[in-house]
Amino acid sequence: HAKEHGRNTFRFYTADMNARAREILAVENQLRRALERDEFVLHYQPQVAMSSGAIVGVEALIRWRHPERGLIGPMQFIPIAEERGLIGDIGEWVLREACRQNRAWQDEGLPPIEVAVNLSAMQFYRRDLAEDITGILKETGLDARWLALEVTESVIVQDVESTIATLAALKAMGLKLAIDDFGTGYSSLSYLKRFKVDKLKVDRSFVMDIPGDADDSAITRAVVNLARNLGLQVIAEGVETPEQWSFLKQEGCDEVQGYLVSPPLPAIDLANRLARGAWTLQG
Ligand code: C2E
Ligand code: MG
Ligand code: MG
Ligand code: MG
């Protein structure tokens with residue numbers, strides 16, 4: 001009986017695995033065509049200064065307008081793009097599109113803001129990353145100070161010496177560097193003084209349960225203080241409630257990003273938000 005059950009389980013398992021493998025292969029093939037067919041789109045989520053409520057930046061977040069499946073979020077295809085070696089081309093498209101759009105907003109006379117782009121580890125370890133970005137900035141006419149790159153701790157700990165060299169080259173160009181999802185990776189704090197980063201992003205997993213959860217509140221407070229004491233900027237991601245806002249404000253956090261202010265928006269909606277001016281906390 002047990003044997004039979006085991007066999008069934010195994011058969012079910014393999015069928016499932018084959019379906020999964022087929023799915024990944026299908027997505028890979030469609031991803032290869034998506035760039036040519038212009039199926040990717042960036043949405044932009046506001047980052048506001050807590051002191052003024054002004055939108056000071058946006059994070060560019062990729063979506064895939066799939067012809068049959070509709071709008072697909074990055075978690076469903078970025079890992080596959082990374083695994084199948086497609087992230088270089090997609091990442092380059094993201095960088096170019098984000099820079100082009102930010103320059104277009106400036107040309108429309110909107111207040112200048114920073115655009116933050118997420119980088120995968122594989123992009124970061126390309127030897128000509130700084131050169132590629134220089135080319136994109138020149139091509140799009142965006143000044144480097146309006147571009148920020150978000151990298152995770154996992155990127156930094158992979159190869160410390162080469163990371164320092166790459167970060168130094170990027171910093172020399174005048175763009176901004178942020179550590180994304182800070183506190184969730186395996187980074188050593190001692191690296192923070194060697195890496196010339198500008199900003200720490202407190203991960204949403206910590207922000208989620210403040211101020212009710214004592215541990216998450218302590219961690220968030222510690223990260224904010226760490227950043228301030230090192231002279232770095234600090235932004236909290238995933239802020240959804242006025243209570244979270246108040247806690248962060250009291251702790252001296254510089255900026256906030258989250259559904260409380262706005263979800264990621266299509267470019268046109270972001271421009272309208274930007275034109276309307278500062279965001280204020282209601283009631
Ligand atoms: P991330 O860089 O940590 O981006 C923040 C994610 O949190 C975004 O999800 C955003 O929509 C979501 N978020 C923001 N505020 C809130 C909130 O208040 N509540 C909740 N529940 N969620 C919030 P999204 O757009 O699905 O992106 C997921 C991840 O995909 C990103 O995490 C980033 O790691 C990756 N990603 C997105 N775009 C790109 C890209 O162009 N290149 C690469 N390499 N990765 C990207
Ligand atoms: Mg990010
Ligand atoms: Mg993040
Ligand atoms: Mg995150």
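When a ligand or atom number is given, it counts from 1 through the structure's own listing order. Reckoned from all heavy atoms, side chains included, excluding hydrogens, waters and symmetry mates.
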Check: Tell me, which N, O or S atom in Glu59 is closest to the Mg ion (ligand 2)?
Finding: OE2
Notebook entry, point to check: Can you tell me the N, O or S atom of Glu150 that's nearest the Mg ion (ligand 2)?
Noted result: OE1
Check whether the side chains of [X] and [Y] place a donor and an acceptor atom closer than 3.5 Å, and report yes or no.
X      : Y      : value
Gln257 : Gln47  : yes
His66  : Glu39  : no
Glu251 : Asn225 : no

Look at [atom] and find which of [options] reaches it with the closest heavy atom.
atom                    : options                     : value
atom 28 (C) of ligand 1 : Met75, Met122, Arg63, Glu97 : Met75
atom 19 (N) of ligand 1 : Glu240, Gln76, Gln123       : Glu240
atom 26 (O) of ligand 1 : Ala60, Gly73, Pro74         : Pro74
atom 38 (N) of ligand 1 : Ile62, Asp181, Thr241       : Ile62
atom 16 (C) of ligand 1 : Phe124, Phe77, Tyr259       : Tyr259

Select one of side chain, backbone, both or neither to describe which atoms of [X] lie under 4.0 Å from any atom of ligand 1, heavy atoms only.
X      : value
Gln257 : neither
Lys201 : neither
Leu260 : neither
Leu61  : both
Val239 : backbone
Arg204 : side chain

Item checked: Smallest separation among heavy atoms of Leu260 and Thr241, with atom names -> CD2-O, 3.5 Å
Margin query: Which heavy atom of Ala236 sits nearest to which heavy atom of Val207, and what is that distance?
Written below: CB-CG2, 4.0 Å
What atoms in ligand 1 come closer than 4.0 Å to a heavy atom of [X]?
X      : answer
Asp180 : 1 (P), 2 (O), 3 (O)
Gln45  : 14 (C), 15 (N)
Gly258 : 15 (N), 18 (O)

With heavy-atom distances below 4.5 Å as the criterion, would you say the side chains of [X] and [Y] are in contact?
X      : Y      : value
Phe40  : Glu97  : no
Phe124 : Val151 : yes
Ile133 : Met173 : yes

Note to self: Only to 10 degrees, please: what angle do the OD1 atom of Asn118 and the OD2 atom of Asp180 make about the Mg ion (ligand 2)?
What the structure shows: 90°
Item checked: Whether Ser52 side chain and Ala54 backbone form a donor-acceptor pair below 3.5 Å -> yes
Note to self: Check this for me, if you would: do Glu114 and Arg145 make a salt bridge, where the nitrogen-to-carboxylate-oxygen distance has to be below 4.0 angstrom?
What the structure shows: no
Next item on the list: Please state whether Pro264 comes within less than 4.0 angstrom of ligand 1, counting heavy atoms only.
Entry: yes
